[in-house]
Q: 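Quick one: the structure is below, and I'll ask about it shortly.
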Amino acid sequence: MPELPEVETVRRGLEPVMTGQRIAKADIRREGLRWPFPENMTARLEGQRVERLRRRAKYILVDLDGGESLIIHLGMSGRMLISDGDDLIKHDHVVLDMENGVRITFNDPRRFGMMDLCATEALDEHRLLKDMGPEPLGNAFDAKYLGERLKSRKMPIKSALLDQKTVVGLGNIYVCEALWRAHISPTQKAGDISTKKMSRLVPTIRDVLTEAIDSGGSSLKDYRQADGELGYFQHSFAVYGREGEPCKAADCGQNIARIVQSGRSTFYCPKCQK
DNA sequence: AGACGTACCTGACCGC
DNA sequence: TGCGGTCAGGTACGTC
């Protein structure tokens, strides 16, 4: 899926076409995705005016004027596409026609995505959101917090950063990229990372995510921005998907390696990352 | 509490 | 062309 930069890019794409508009028609085309959709979803969406779109972690939150918010997660393969009423295609699961004639279509082949409705003021207690760690681009995420949180943790730093309770928004790509930039081995035990490295890691995570957002996210497979444009941060990957290719650090000469950690590929430079 | 593995899905790609 | 195996941007949940 879409990690934080891709989700934020989608949010920014939807914002101008949805904000202030009423949902004229909601077409819920199956019972659910990963889980069943909420009760009476169609009725709870139709006629609602969108007040604003926010992002928390990898979730898009659509605040409606009736006091509820639509929670959207794109899973691994979810996309939000904007059109003026295109014919439906395979895996179009939810179609929202706005009063301005814009159609928002949620398409998700693997159906790992999620949607739910929740009172806006109770979002912090929603089961999907309540245990989330801090936003990586927010003030609460700093070296002190991260050090405390990971103190005495035995799991590899790669796994610790993928855990959304540690910090939200990172996924397999950006964890690999951030660890390479910070010269930290993905296999290092999280609790063993020095304070010095920890203080290097935090700004590195912020930088890689910020740069990716500025590039419109990364387009792999069929991920696209809401307007159909491709992001281009994938051209900036230093390690992700580059097994066997030379490390991009000047004078390194080592090739990028791939290992598997808790069932997922990790790409790193064995020479630069200790 | 923390650290695992498993499950949920479809589609693309590779080797035979 | 077809078939089986592998892999993919995520995360909740069960079990030890």
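Everything numeric in this text was worked out from a predicted model, so none of it was measured. Chain letters run A, B, ... following the sequence lines, proteins first and then strands; every chain starts at 1.
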Q: Is A:Phe112 stacked on the base of B:dC9, with ring centres under 5.5 Å apart and planes under 30° apart?
A: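 Here the ring of A:Phe112 and the base of B:dC9 are not stacked, as the 5.5 Å and 30° limits are not both satisfied.
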
Q: Is a salt bridge present between A:Lys25 and A:Glu46, judged by a nitrogen-to-oxygen distance below 4.0 Å?
A: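 Here A:Lys25 does not pair with A:Glu46 in a salt bridge, since their nearest N and O are not under 4.0 Å apart.
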
Q: Any carboxylate oxygen within less than 4.0 angstrom of a Lys/Arg side-chain nitrogen, looking at A:Arg44 and A:Glu39?
A: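 Result for this pair is no, no salt bridge flagged.
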
Q: Hey, what are the protein-to-nucleotides 1-3 of chain B N/O distances that come in under 3.5 Å?
A:
from, atom 1, to, atom 2, distance (Å)
B:dA3, OP1, A:Lys154, N, 3.0
B:dA3, OP2, A:Arg153, NH1, 3.4

Q: Do the side-chain N or O atoms of A:Gln164 get closer than 4.0 angstrom to the phosphate oxygens (OP1, OP2) of C:dT11?
A: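 Yes, A:Gln164 has a side-chain N/O under 4.0 Å of OP1/OP2 on C:dT11.
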
Q: Got a salt bridge between A:Asp27 and A:Arg29, using NZ or NE/NH1/NH2 to carboxylate O under 4.0 Å?
A: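 Here A:Asp27 pairs with A:Arg29 in a salt bridge, since their nearest N and O are under 4.0 Å apart.
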
Q: Can we say A:Glu15 and A:Arg12 salt-bridge, meaning some charged N sits less than 4.0 Å from an Asp/Glu carboxylate O?
A: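 No, A:Glu15 and A:Arg12 are not salt-bridged.
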
Q: Touch check for A:Tyr240, heavy atoms < 4.0 angstrom, all strands: base, sugar-phosphate only, or nothing?
A: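 If one applies the 4.0 Å heavy-atom cut-off, A:Tyr240 turns out to touch the sugar-phosphate alone, with no base involved.
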
Q: Nearest-Å distance, CZ (A:Arg79) to C1' (B:dT10)?
A: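 Interatomic distance, CZ of A:Arg79 to C1' of B:dT10: 14 Å.
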
Q: Given B:dG5, is OP1 or OP2 found less than 4.0 Å from the side-chain N or O atoms of A:Ser262?
A: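 Indeed not, no polar side-chain atom of A:Ser262 lies that close.
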
Q: Aromatic rings A:His93 and A:Phe106: how do their planes relate, parallel, tilted or perpendicular, breaks at 30° and 60°?
A: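 Tilted, since the angle between the ring planes falls between 30° and 60°.
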
Q: Nearest whole Å is fine: how far is C:dA8 P from A:Tyr174 OH?
A: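 In whole Å, C:dA8 P lies 16 Å from A:Tyr174 OH.
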
Q: Quick check for you: to the nearest 0.5 Å, what is the distance between A:Arg242 atom CZ and A:Phe267 atom CZ?
A: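 Result: 11.0 Å between the selected atoms.
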
Q: Quick check on side-chain contact (heavy atoms from CB on, under 4.5 Å): which of A:Gln261, A:Gln273, A:Lys158 does A:Thr187 satisfy it with?
A: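 By the side-chain contact (heavy atoms from CB on, under 4.5 Å) criterion, A:Thr187 pairs with just one of A:Gln261, A:Gln273, A:Lys158: A:Gln261.
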
Q: Under 4.0 angstrom, heavy atoms only, what part of the nucleic acid is A:Lys165 near: base, sugar-phosphate, or nothing?
A: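 Since no nucleic acid heavy atom lies under 4.0 Å of A:Lys165, the category is nothing.
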
Q: Would you call A:Asp63-A:Arg54 a salt bridge at under 4.0 Å N-O?
A: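 Answer for the salt bridge query: yes.
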
Q: Counting only heavy atoms from other residues, nucleotides and ligands, does the tally under 6.0 Å from NZ of A:Lys248 exceed 12?
A: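 Check passes, neighbour count above 12.
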
Q: Compare the minimum distances between each of C:dT11, C:dA8, B:dT10 and the side chain of A:Lys58, then state the nucleotide with the smallest one.
A: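 Closest nucleotide to the A:Lys58 side chain: C:dT11.
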
Q: Please work out if A:Ser265 contacts a base, only the sugar-phosphate, or nothing of the nucleic acid, heavy-atom cut-off 4.0 Å.
A: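 Answer is sugar-phosphate: A:Ser265 comes under 4.0 Å of backbone atoms only.
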
Q: Taking only the P atom of each, what is the distance from B:dG5 to C:dC7 in whole angstrom?
A: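 These two P atoms come out 15 Å apart once rounded.
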
Q: Considering only atom P, compute the distance from B:dC9 to C:dC3 and round it to an integer number of Å.
A: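 The answer is 23 Å between these two P atoms.
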
Q: Is any NZ, NE, NH1 or NH2 atom of the basic residue among A:Glu8 and A:Arg55 found under 4.0 Å from an Asp or Glu carboxylate oxygen of the other?
A: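 Looking at A:Glu8 and A:Arg55, the cut-off is met.
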
Q: Inspect the contact between A:Arg153 and A:Asp192 and indicate whether a charged nitrogen and a carboxylate oxygen are less than 4.0 angstrom apart.
A: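 Looking at A:Asp192 and A:Arg153, the cut-off is not met.
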
Q: Calculate the interatomic distance between A:Gln261 atom CD and C:dA8 atom P; express it in whole Å.
A: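 In whole Å, C:dA8 P lies 13 Å from A:Gln261 CD.
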
Q: If I take atom CG in residue A:Leu33 and atom P in nucleotide B:dC9, what distance separates them, rounded to the nearest angstrom?
A: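 Atom-to-atom, A:Leu33 to B:dC9, this comes out as 11 Å.
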
Q: Between the protein and nucleotides 13-16 of chain C, list the N/O to N/O atom pairs that are separated by less than 3.5 angstrom.
A:
none

Q: For A:Ile173 and C:dG10, what is the distance between atoms CD1 and P respectively, to the nearest whole Å?
A: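 Rounded to the whole Å, the gap is 7 Å.
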
Q: Remember a base hit wins even if backbone is also touched, and classify A:Tyr59 as base, sugar-phosphate or nothing at under 4.0 Å, heavy atoms.
A: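 Sugar-phosphate, no base atom in range.
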
Q: Go ahead and write out DNA chain C as dot-bracket, 5' to 3': ( ) for pairs within the strand, [ ] for ones crossing earlier pairs, | when the partner sits on another strand, dots for unpaired; Watson-Crick or G-U wobble, both distances under 3.5 Å.
A: .|||||||.|||||||

Q: Is A:Lys58 salt-bridged to A:Glu6, going by a charged N under 4.0 Å from an acidic O?
A: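 No, this pair does not count.
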
Q: Indicate, with a heavy-atom threshold strictly under 4.0 Å, whether A:Leu128 touches base, sugar-phosphate, or nothing.
A: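 Counting heavy atoms under 4.0 Å across all strands, the contact made by A:Leu128 is with sugar-phosphate only.
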
Q: Grab the CG-P distance between A:Leu162 and C:dA12 for me, whole Å please.
A: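 For the pair A:Leu162 CG and C:dA12 P, the rounded distance is 13 Å.
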
Q: B:dC9 P sits how many Å from A:Asn107 CG, rounded?
A: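 Value for this atom pair: 17 Å.
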
Q: Can we say A:Arg181 and A:Glu177 salt-bridge, meaning some charged N sits less than 4.0 Å from an Asp/Glu carboxylate O?
A: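 So A:Arg181 does not pair with A:Glu177 through a salt bridge.
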
Q: Whole Å only: how far is the NZ atom of A:Lys130 from the C1' atom of C:dT11?
A: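 Distance check: A:Lys130 NZ to C:dT11 C1' gives 14 Å.
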
Q: Could you please name the option among C:dA8, B:dC9, B:dG11 that lies closest to any side-chain atom of A:His91?
A: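 Nearest to the side-chain atoms of A:His91, counting from C-beta on, is B:dG11.
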
Q: When only distance counts, do a donor and an acceptor, one from the side chain of A:Arg110 and one from the base of B:dC9, lie under 3.5 Å apart?
A: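 Side chain to base: pair found, below 3.5 Å.
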
